[in-house]
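To start, the structure itself, in structure tokens.
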Amino acid sequence: QVQLVESGGGLVQAGGSLRLSCAASGRTFSTYRMGWFRQAPGKEREFVASISRNRGSTYYADSVKGRFTISRDNAKNTVYLQMNSLKPEDTAVYYCAANPTLRVGVSASVYDYWGQGTQVTVSS
């Protein structure tokens, strides 16, 4: 079992930056591909980014490519999401999730564990 706790959300002006962190419990963190999703009010949860177990590959939604960077530190059991050039449309609750498969993880269905989410609000 993996428990995930996100932090780092907040209120920021458009064009600003935030860095989200997701701390994982348990000794098996390095065996999971990790992902970030987000959900805005009235919308479905959507994929943001994912990273392989050994940090060898990353994958991004087109809407954040070039602005967001996902990374992980397996020694600290933590995955990060650096968000730059934020836009009002990035406003959402952001969730990290753990994927035990080798699939890239664009679909939420491949993730077994989820954090409680952290709110990101971008003002115009």
Side-chain angles (χ1 to χ4, degrees):
Q1 182 126 4
V2 177
Q3 292 185 327
L4 304 172
V5 179
E6 302 96 336
S7 61
L11 174 64
V12 64
Q13 288 188 333
S17 298
L18 281 175
R19 188 194 195 201
L20 304 183
S21 299
C22 173
S25 66
R27 303 178 183 176
T28 60
F29 175 74
S30 62
T31 66
Y32 289 87
R33 188 178 185 99
M34 298 299 296
W36 285 96
F37 286 72
R38 66 186 182 186
Q39 187 167 19
K43 295 187 177 181
E44 293 187 354
R45 190 170 297 190
E46 65 173 358
F47 171 79
V48 175
S50 70
I51 187 167
S52 64
R53 294 176 291 182
N54 62 359
R55 300 168 292 172
S57 66
T58 56
Y59 192 78
Y60 296 93
D62 287 342
S63 58
V64 306
K65 201 172 295 182
R67 300 188 297 122
F68 291 11
T69 302
I70 188 171
S71 62
R72 68 189 295 165
D73 185 337
N74 287 343
K76 296 182 178 180
N77 280 10
T78 302
V79 61
Y80 305 96
L81 186 67
Q82 177 67 45
M83 305 185 295
N84 299 328
S85 302
L86 283 161
K87 306 174 181 179
E89 51 265 42
D90 294 318
T91 295
V93 177
Y94 283 72
Y95 300 89
C96 70
N99 166 16
T101 75
L102 296 178
R103 296 163 66 180
V104 169
V106 175
S107 170
S109 64
V110 303
Y111 291 85
D112 282 356
Y113 302 104
W114 294 81
Q116 82 291 346
T118 185
Q119 176 70 48
V120 172
T121 303
V122 184
S123 62
S124 57

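The residues of the chain are indexed from 1 along the displayed sequence. Predicted model only: the values in this text are computed from it and were never measured. Just so it is clear, the values below take in all heavy atoms, side chains as well, and ignore hydrogens, waters and symmetry mates.
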Discussion item. Listing request: all disulfide (SG to SG under 2.5 Å) pairs with a residue in residues 48-91, at least two apart in sequence or in separate chains.
Written reply: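 Matches after skipping sequence neighbours: none remain.
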Worksheet entry | Residue pairs passing the disulfide (SG to SG under 2.5 Å) test where at least one lies in residues 15-108, sequence neighbours excluded | Cys22-Cys96
Practice prompt. Tell me whether the guanidinium CZ or amine NZ of Arg72 lies under 6.0 angstrom from the six-membered ring centre of Phe29 and within 45° of its axis.
Written response: yes
Practice prompt. Check whether NZ of the Lys or CZ of the Arg Arg53 lies under 6.0 Å from the centre of the six-membered ring of Tyr32 and within 45 degrees of that ring's axis.
Written response: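 Judged by the rule, Arg53 and Tyr32 form no cation-pi pair.
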Ignoring hydrogens and angles, tell me if any N or O in the side chain of [X] forms a donor-acceptor pair with the backbone of [Y] under 3.5 Å.
| X | Y | result |
| --- | --- | --- |
| Ser25 | Val2 | no |
| Thr78 | Ala23 | no |
| Asn77 | Gly26 | yes |
| Arg67 | Ser63 | yes |
| Ser50 | Met34 | no |

Supply the atom-to-atom distance [X] [atom1] to [Y] [atom2], rounded to the nearest 0.5 angstrom.
| X | Y | atom1 | atom2 | answer |
| --- | --- | --- | --- | --- |
| Asn99 | Ile51 | CG | CD1 | 12.5 Å |
| Gln116 | Glu6 | CD | CD | 4.5 Å |
| Tyr95 | Leu81 | OH | CG | 15.0 Å |
| Ile70 | Ser57 | CD1 | OG | 10.0 Å |
| Arg33 | Tyr111 | CZ | OH | 7.0 Å |
| Thr121 | Asp90 | OG1 | CG | 11.0 Å |

Check for me, please, whether [X] and [Y] land in the same ILVMFWY cluster - side-chain distances under 4.5 Å, paths through other members count.
| X | Y | value |
| --- | --- | --- |
| Phe68 | Tyr59 | no |
| Val122 | Met83 | yes |
| Trp114 | Val104 | yes |

[X] to [Y] - nearest heavy-atom pair and separation:
| X | Y | result |
| --- | --- | --- |
| Tyr60 | Thr69 | OH-CA, 3.3 Å |
| Ala14 | Ser124 | CB-CA, 4.4 Å |
| Leu4 | Ala97 | CD1-CA, 3.7 Å |

Worksheet item: Lys43: what forms a salt bridge (charged side-chain N to carboxylate O under 4.0 Å, His left out) with it, not counting sequence neighbours?
Response: none
Worksheet item: Relative to the ring of Phe47, is the ring of Phe37 parallel (under 30°), tilted (30 to 60°) or perpendicular (over 60°)?
Response: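 Correct class here is perpendicular.
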Worksheet item: Is a salt bridge present between Lys65 and Asp62, judged by a nitrogen-to-oxygen distance below 4.0 Å?
Response: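 Result for this pair is yes, salt bridge flagged.
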Please list, chain by chain and in numerical order, all residues satisfying side-chain hydrogen bond (donor to acceptor under 3.5 Å, both in side chains) with [X], sequence neighbours excluded.
| X | value |
| --- | --- |
| Ser71 | none |
| Gln82 | Asn84 |
| Asp112 | none |

Worksheet item: Which one of Val64, Val93, Val120, Thr91 satisfies the side-chain contact (heavy atoms from CB on, under 4.5 Å) criterion with Arg38?
Response: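 Among Val64, Val93, Val120, Thr91, the one meeting side-chain contact (heavy atoms from CB on, under 4.5 Å) with Arg38 is Val64.
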